[in-house]
Amino acid sequence: MTDEGKLFDRVCLIGLGLIGSSIGAGIHKWGLADHVSGYARSQETRQTAAKIGFIDSVHESAAEAAVDADLVIICAPIGAMEAIAKEIAPVLKPGCILSDVGSVKKAVIAAIAPHISDNIYFIPGHPIAGSEKSGPDSGYPELFVDRWCILTPVEGTDKIAVEKLRKFWLALGSSVEIMTPSHHDSVLAITSHLPHLIAYSIVSTASDLEDVTRSEVIKFSAGGFRDFTRIAASDPTMWRDVFLTNKEAVLEMLGRFSEDLSALQRSIRWGDGDALFDLFTRSKETRQGIIEAGQDTAEADFGRDHASDKPVEDQ
Ligand code: NAP
């Protein structure tokens, strides 16, 4: 964390699930704004958010929550972002920064930007932090600490506004990287989207096996399967939207992955131990690099903290 103190008078969060609640809690913990307003689709979530207290005021509509805010962050599923942008656009205060946390950037920009007038600074963002958990009670202020947040401002975006948003994420404990939306979508396709697709697919394959029973799959899951099931427990709405909106980059990475998988298949069939050994050795080095970069721990169980059950997996 940086010791920034207050950065905004009023921040508005639209979508109060894992990411929205963590941002709200972080703003309060580090005193980054005087007031946090919020809106979520259901009454139930709005009530839970008010009860937990990670926002200061809960509103009956996204537009009502956004009035007078200096920073508005859309923390809803990607598929809902266009309608939200359309609704809040007329009430946004001139000079306000509008951002989002969507896991895909090109499609989100295409959905939001056309509705936003020139006197608003639209700066798309994506915190690379999260978990398979969702909802307003799954967040916590340290979610973004020692994680990356990627900002993808379109060309010509006001530098002062970008710097202000960068400081906000630094104050939440993240490191910030700026890149183009298209590069973001390629990087995330291989580091996050494809691994989720593989996890969903392997869990589905195991469930459909006929000669291995479901109870055996569960009983012997520590053999590797268990860690896929955690990723495959991620929110279906969020991940449906990711694959629908980052189609191009995911299909490109999937093509490469399929070719590499076929090569592995061949090595196994031909008993090519050297090829297998070389590939597994290189993979171990990648894992070591992630640990050295502070993005996971070397402990068994993928560094999972069972005491608090706080996840370490990034999305
Ligand atoms: P979540 O826990 O499921 O929360 C989503 C929130 O959005 C809920 O409060 C939901 O309200 C609200 N919402 C849904 N439709 C809405 C609408 N039309 N208008 C206003 N609010 C609406 O999801 P999340 O994990 O926080 O993900 C939110 C965003 O963060 C997604 O765009 C995702 O791509 C991105 N992201 C997620 C992760 C992750 O690991 N989870 C990481 C980085 C970025 P109800 O509860 O009332 O339905």
Side-chain angles (χ1 to χ4, degrees), residues 12-26 36-52 54-55 58-66 72-89 99-109 111-112 124-141 143-145 147-152 169 172 174 181 184-185 187-189 191-193 195-196 199 230-246 250 310-315:
C12 165
L13 303 172
I14 298 170
L16 304 172
L18 172 73
I19 302 295
S21 62
S22 298
I23 295 177
V36 184
S37 60
Y39 169 75
R41 180 179 49 173
S42 71
Q43 178 90 33
E44 193 189 344
T45 298
R46 296 199 292 270
Q47 275 171 353
T48 309
K51 199 164 133 211
I52 298 172
F54 59 81
I55 45 175
V58 193
H59 299 265
E60 292 296 310
S61 72
E64 191 186 297
V72 176
I73 309 180
I74 307 180
C75 308
I78 293 168
M81 289 194 184
E82 178 162 22
I84 292 171
K86 238 183 190 166
E87 183 192 330
I88 63 173
S99 191
D100 75 294
V101 294
S103 308
V104 171
K105 295 280 52 103
K106 272 196 329 188
V108 162
I109 294 170
I112 295 180
H126 178 201
I128 314 296
S131 78
E132 72 282 11
K133 304 213 169 114
S134 50
D137 38 21
S138 55
Y140 53 100
L143 179 67
F144 310 108
V145 173
R147 296 290 176 249
W148 284 93
C149 178
I150 299 174
L151 301 180
T152 64
W169 281 103
L172 288 174
S174 297
H184 166 278
D185 288 356
V187 171
L188 269 292
T191 57
S192 169
H193 305 170
H196 276 78
R230 186 176 56 74
I231 299 177
S234 298
D235 186 63
T237 305
M238 167 178 162
W239 285 97
R240 178 203 59 198
D241 290 358
V242 165
F243 292 114
L244 291 179
T245 54
N246 199 22
V250 169
K310 292 279 186 277
V312 295
E313 185 65 28
D314 298 345
Q315 299 177 357

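Nothing fancy with the numbering, it's 1 onward along the sequence. Both backbone and side-chain heavy atoms feed into the values below; hydrogens, waters and symmetry mates do not. All ligand and atom numbering here is 1-based and tracks the order in the structure.
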Examine the proximity of ligand 1 to [X] and report which part, side chain or backbone, both or neither, has a heavy atom under 4.0 Å away.
X	answer
H126	side chain
R41	both
P77	both
A80	side chain
L18	both
I128	neither

Close approach, [X] and ligand 1, non-hydrogen under 4.0 angstrom:
X	result
S131	yes
A129	yes
E44	no

Atoms in ligand 1 with a heavy atom of Y39 nearer than 4.0 Å: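 Listed by number with element, the hits are 19 (N), 20 (C).
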Contact atoms of ligand 1, heavy-atom distance to I78 under 4.0 Å: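 The atoms of ligand 1 under 4.0 Å from a heavy atom of I78 are 32 (O).
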Aromatic plane relationship, H184 with H126 - under 30° parallel, 30 to 60° tilted, over 60° perpendicular: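 Ring orientation, 0 to 90° scale: perpendicular.
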I150 and V187: CA distance, side-chain angles, deciding distance, side chain to side chain contact (heavy atoms under 4.5 Å, CB included) verdict: CA-CA 11 Å; I150 299 174; V187 171; 5.6 Å; no
Any N/O pair [X]/ligand 1 closer than 3.5 Å:
X	answer
K133	no
M238	no
G20	no

Using residues 80-89 as the side-chain source, report each donor-acceptor pair under 3.5 Å to any protein atom, sequence neighbours left out, with the distance given to one decimal.
unit_1: E82; atom_1: OE2; unit_2: H115; atom_2: NE2; d: 2.9
unit_1: E87; atom_1: OE2; unit_2: A62; atom_2: N; d: 3.2
unit_1: E87; atom_1: OE2; unit_2: A63; atom_2: N; d: 2.9

Closest non-hydrogen atom pair, G102 against I78: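 Nearest pair, atom of G102 first, then I78: CA-CG1, 4.2 Å.
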Atom of D185, atom of N246 and distance for their closest heavy-atom approach: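 What the structure gives for the nearest pair is O-ND2, 3.0 Å.
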Partners passing ring-ring contact (aromatic ring centres under 6.0 Å, His included) against F144 (at least two apart in sequence or in another chain):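 Applying ring-ring contact (aromatic ring centres under 6.0 Å, His included) to F144 gives W169.
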